[in-house]
Trainee: 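Below is one structure. I have some questions about it.
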Amino acid sequence: MKDNGHIPGIGTRLAQLGRTSEAHYGFVNTPVYRGSTVLFKSLDDLENNRARYTYGTAGSPTIESLESAWTALTGAAGTALSPSGLGAVALALLSALKHGDHLLMPDNVYQPTRELCGGMLARFGVETTYYDPLLGAGLERLFRPNTSTIFLESPGSQTFEVQDVPAITALARERGLTTIIDNTWATPLFFRAHEHGCDLAVEAGTKYLGGHSDLLLGLVSATARLLPALRRTYRNLAMLPGAEDCYLALRGMRTLHIRVKEAERRGLELAEWLRGQPEVRTVLHPAFPSCPGHEFWRRDFTGSTGVFSFILQPGFTRAGLAAMLDQLTLFGMGYSWGGFESLLIPFDCRAYRTATAWNPDGFVLRIQVGLEDVQDLKADLRAGFERLVRAGA
Ligand SMILES: *Cc1c(COP(=O)(O)O)cnc(C)c1O
């Protein structure tokens with residue numbers, strides 16, 4: 001972008017980031033470069049690896065457009081991509097950890113991340129301890145001489161506890177530990193992970209960046225200290241996303257600010273409405289005081305997105321829940337979120353939490369508020385609640 005001293009706003013930046021039109025005959029968007037082989041001009045160039053691009057796994061204009069856009073958006077020193085959000089979590093962890101290390105993980109972490117720790121990382125000699133996500137500086141008492149890395153996810157998957165990120169990253173910096181945050185829920189628009197002290201920040205681009213439930217992608221942004229390790233791990237694994245998915249992510253980025261602000265507005269409206277329904281006991285939305293860690297959300301975040309949970313009153317039956325969910329007309333039942341369509345799924349994390357007790361005493365549902373008209377979503381839910389009550393009576 002041309003520098004005339006004026007600081008551009010987020011919409012302007014999202015419209016400009018990662019574009020290299022002059023290299024593509026003036027076409028606005030970086031094209032989809034598919035390729036393995038890149039041809040060198042001479043023996044001399046080949047022997048000296050002298051070329052802008054050298055091989056498919058070593059980078060392409062499409063991949064570099066997305067990487068450079070994300071680096072600028074996050075304020076990081078650099079970015080590496082992955083074919084999925086979970087892949088990006090793995091890439092970050094493998095960049096930070098080595099055999100013999102001790103890792104701290106929040107108890108409300110995305111469940112497949114937990115499986116990665118208990119499976120592959122354990123096999124490679126990394127020991128994981130789960131911690132109460134509401135511990136801030138109190139985390140220090142779990143430190144061991146070989147603790148090297150603290151993972152954060154804020155708000156946490158499903159239950160939405162918000163963490164005291166600055167307290168944890170300050171502690172980590174003091175001890176020379178590495179911090180990784182899964183920032184998927186907030187996106188860099190609503191939480192500035194690196195400015196809050198995190199070394200590596202993971203985003204499942206599958207969610208809001210893609211925004212249309214039609215792609216899988218992960219991104220890891222790094223501060224200067226961690227960037228060499230991140231790039232080395234990325235190079236070693238050579239697990240890169242396809243060019244089409246990078247293209248779609250760049251396309252999604254142009255409207256990300258509009259979509260997350262709209263997700264926020266709709267999310268808050270529906271959360272407020274749900275709070276007033278007699279079948280609902282508690283709404284776990286980071287912007288509501290009823291959400292654990294809400295004070296950290298208020299202090300550190302600049303917005304909320306359209307995914308949150310709510311706990312039903314106790315006493316409803318499984319048959320009632322099935323009657324409610326099976327006949328919803330707008331809300332779909334399925335994993336992931338961040339697309340244009342609304343979703344509603346029940347969850348039960350009692351079985352795998354180890355550091356904290358989670359006894360909600362009623363069914364718990366996670367909602368993704370899509371772009372359908374809110375009055376229609378309310379009508380769909382209201383009819384669902386009536387089926388729930390009828391079947392339970
Ligand atoms: C969805 C999600 C992921 C994984 O993303 P995929 O692209 O589905 O692998 C990781 N972390 C969080 C917090 C997520 O919500």
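Each ligand, and each atom within it, is numbered from 1 in the order the structure gives. Only this structure's heavy atoms are used, side chains among them; waters, hydrogens and symmetry mates stay out.
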Trainee: Taking the six-membered ring for Trp, are Phe301 and Phe190 closer than 6.0 Å centroid to centroid?
Mentor: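 No, the ring centres sit 6.0 Å or more apart.
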
Trainee: Please check this pair: side chain of Asn48 against backbone of Asp45, looking for a donor-acceptor N/O pair closer than 3.5 Å.
Mentor: no

Trainee: Quick one about Thr74 and Arg192 (side-chain donor to acceptor, distance below 3.5 Å, no hydrogens or angles considered), yes or no?
Mentor: no

Trainee: Could you pull out the N/O contacts under 3.5 angstrom between ligand 1 and the surrounding protein atoms?
Mentor:
| residue | atom | partner | partner atom | Å |
| --- | --- | --- | --- | --- |
| ligand 1 | 7 (O) | Gly85 | N | 2.7 |
| ligand 1 | 7 (O) | Thr206 | OG1 | 2.5 |
| ligand 1 | 9 (O) | Gly85 | N | 3.2 |
| ligand 1 | 9 (O) | Leu86 | N | 2.9 |
| ligand 1 | 11 (N) | Asp182 | OD2 | 2.6 |
| ligand 1 | 15 (O) | Lys207 | NZ | 2.5 |

Trainee: Does a salt bridge link Glu386 with Arg382, judged by any charged N lying under 4.0 Å from a carboxylate O?
Mentor: yes

Trainee: Decide whether a cation-pi geometry holds between Lys261 and Tyr208; the criteria are a distance under 6.0 Å from NZ or CZ to the six-membered ring centre and an angle within 45° of the ring axis.
Mentor: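 Geometry flag: not set, cation outside 6.0 Å or 45°.
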
Trainee: Only pairs under 3.5 Å count here: list side-chain donor-acceptor contacts from residues 81-91, not counting sequence neighbours, and write none if there are none.
Mentor:
| residue | atom | partner | partner atom | Å |
| --- | --- | --- | --- | --- |
| Ser82 | OG | Ser84 | O | 3.3 |
| Ser82 | OG | Ala88 | N | 3.2 |
| Ser84 | OG | Gly87 | N | 2.9 |

